[in-house]
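Written out below as structure tokens is the structure these notes cover.
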Amino acid sequence: MAYENPEGVMIGLEIHIQLNKLKSKMFCGCSTAYHDAEPNTHTCPVCLGLPGALPVLNKEVVRAAIKVGLALKGEIAEETQFHRKNYFYPDLPRGFQITQYDYPIVSNGKVVIEGEDGEHEVKIWRAHMEDDPGRLVHIGSIAKSKGVMINYNRSGIPLIETVTAPDMRSPKEARRFLDKFRNILEYLGVFDGNLEGAMRMDANVSIRGGTRVEIKNISSHKGVEKALLYEIMRQKNVLRRGGEITQETRHFDEARGVTLSMRTKEEAEDYRYFREPDLVSIHVSHLIPEIKATLPELPDAKRARFLEEYGITDMHAKALTSSILLADFYEGVCKKGAEPKTAATWIADVLLGELNYRNLVLASYDGVSLGCINDKEPELGNSFKADDMVELITLFTEGKISDKAAVEVLRTKLDSEEEKTPLQLVKEKGLFKAEAELVVKAVSEAIAENEIAVQDYLGGAEKSLNFLVGQVMKKTKGTADAKTARELLVKELKS
Ligand code: ZN
Ligand code: MN
């Protein structure tokens, strides 16, 4: 069935991503690791925009941009150059952003997403390099703030701005595009989407071929979907009442779930773009073959290989390649000897479910070992490693523990900073199948063989229960958990 879009919804996105995995800033040697740093400690005359300071282009930024362009199946410009985008704002002390204008490094790319009616291509018009401004920190809430502080640690962080064609036809498609886009960039190893401010989005939307409205600066994929849902509804209502959609820029109020008018849209002329005279044109064609050769396996290719190599279902392959960390984790577990299909179920269904439920995300220690971190505050002490997964799966597939017991162990590991291995936890909690059955058997034997003690207990002599517990312990050679034995005895005797 063809996808219906009676309202003629057309959505385009502009996405800024920080190349936060690169070591230094775009035009100076300052470190990009600013997230936990004291304010204004990762700065120098260049990224503070002091008069006379000259930018020197970090070649890693160019290499990363080429990688992104190739991964987006785009064309890489033979010659590319920088422009100044002039505007005044306190977070931009030089008075202009160094960006690219009519010669972006990447153009005409595409990303295939799972659309409303099957696979669907989203065209990428362009992707270009530019530097991030500093960051304004309001004292208290923005509305009532008594003052604003400025932190220039972010100033000069390399960004890639990507502009798509209005090829998405629903808020859900926009979100799917963003998930896929983020995934591709993380595979390239130039970007970590978990860091605050790593990905910022503007969405534009029009309906029935009308005027398009832009919603600025949304920080999450979910936020983009919500803002678009609201905005489409708002535009429909305006048209229904016989009104007109005005071309404007709107702001998304995440807490209230509404978009609010900010200003009418500024035109490119307002920025007085001109060539950045402090930087020469760059020619990159000689770099392309080498970068192409070292491009990592990307999500679609990995998914196809997982299907082929591990014989898992398409749903599992999709889930397991939805993040490079998860994919590496899965392969790590398989290489360490877990059966691939079972591992896929335990990782894609069980582990992912438990992580989502706890709002945990994956983090990598060393490429194979997985850590679970809170979205906001990484707690890397709280870990669940590939080795743990292998041990757990093995205990389960060898029939030593039930699936329920395996889930219990997994939850214990995720909920605490438990350093014990799954095997140690199984022992400690008495979760071995055989063990549990042994205790049950010992309990019924103890009851059958000690009629007097049973009668005494039922007659009110609590002490007799201790005797029966002792019998169970004796029969299990002390391996039973005394508390469990007591509970089972009471249950049996009272039934
Ligand atoms: Zn600097
Ligand atoms: Mn930009």
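These values consider heavy atoms only, across backbone and side chains, with no hydrogens, waters or symmetry-generated copies. As the structure lists them, so they are numbered: ligands from 1, and atoms in each ligand from 1.
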### Task
Measure the shortest side-chain to side-chain distance between Arg234 and Arg250 over non-hydrogen atoms and say whether it is less than 4.5 angstrom.
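Yes. Closest side-chain heavy atoms under 4.5 Å.
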His42 N/O/S atom closer than 2.8 Å to the Zn ion (ligand 1):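 False for His42.
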Check your understanding: With distance as the sole criterion, is a donor-acceptor pair present between the side chains of Asn153 and His35 under 3.5 Å?
Key ->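 No donor-acceptor contact under 3.5 Å links the two side chains.
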Checklist entry - Any chance the side chains of His16 and Glu14 put a donor and an acceptor closer than 3.5 Å? => result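 Judged by distance alone, the side chains do not pair up.
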What is the ring orientation for Phe306 with Tyr330, classed by angle as parallel under 30°, tilted 30 to 60°, or perpendicular over 60°?
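Phe306 vs Tyr330 ring planes: tilted.
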Quiz item: At the Mn ion (ligand 2), what angle lies between atom NE2 of His16 and atom OE2 of Glu130, rounded to 10 degrees?
Solution: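 Angle NE2(His16)-the Mn ion (ligand 2)-OE2(Glu130): 80°, rounded to 10°.
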Atom name in Glu161, limited to N/O/S, at shortest distance from the Mn ion (ligand 2):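 It is OE1, the N, O or S atom of Glu161 closest to the Mn ion (ligand 2).
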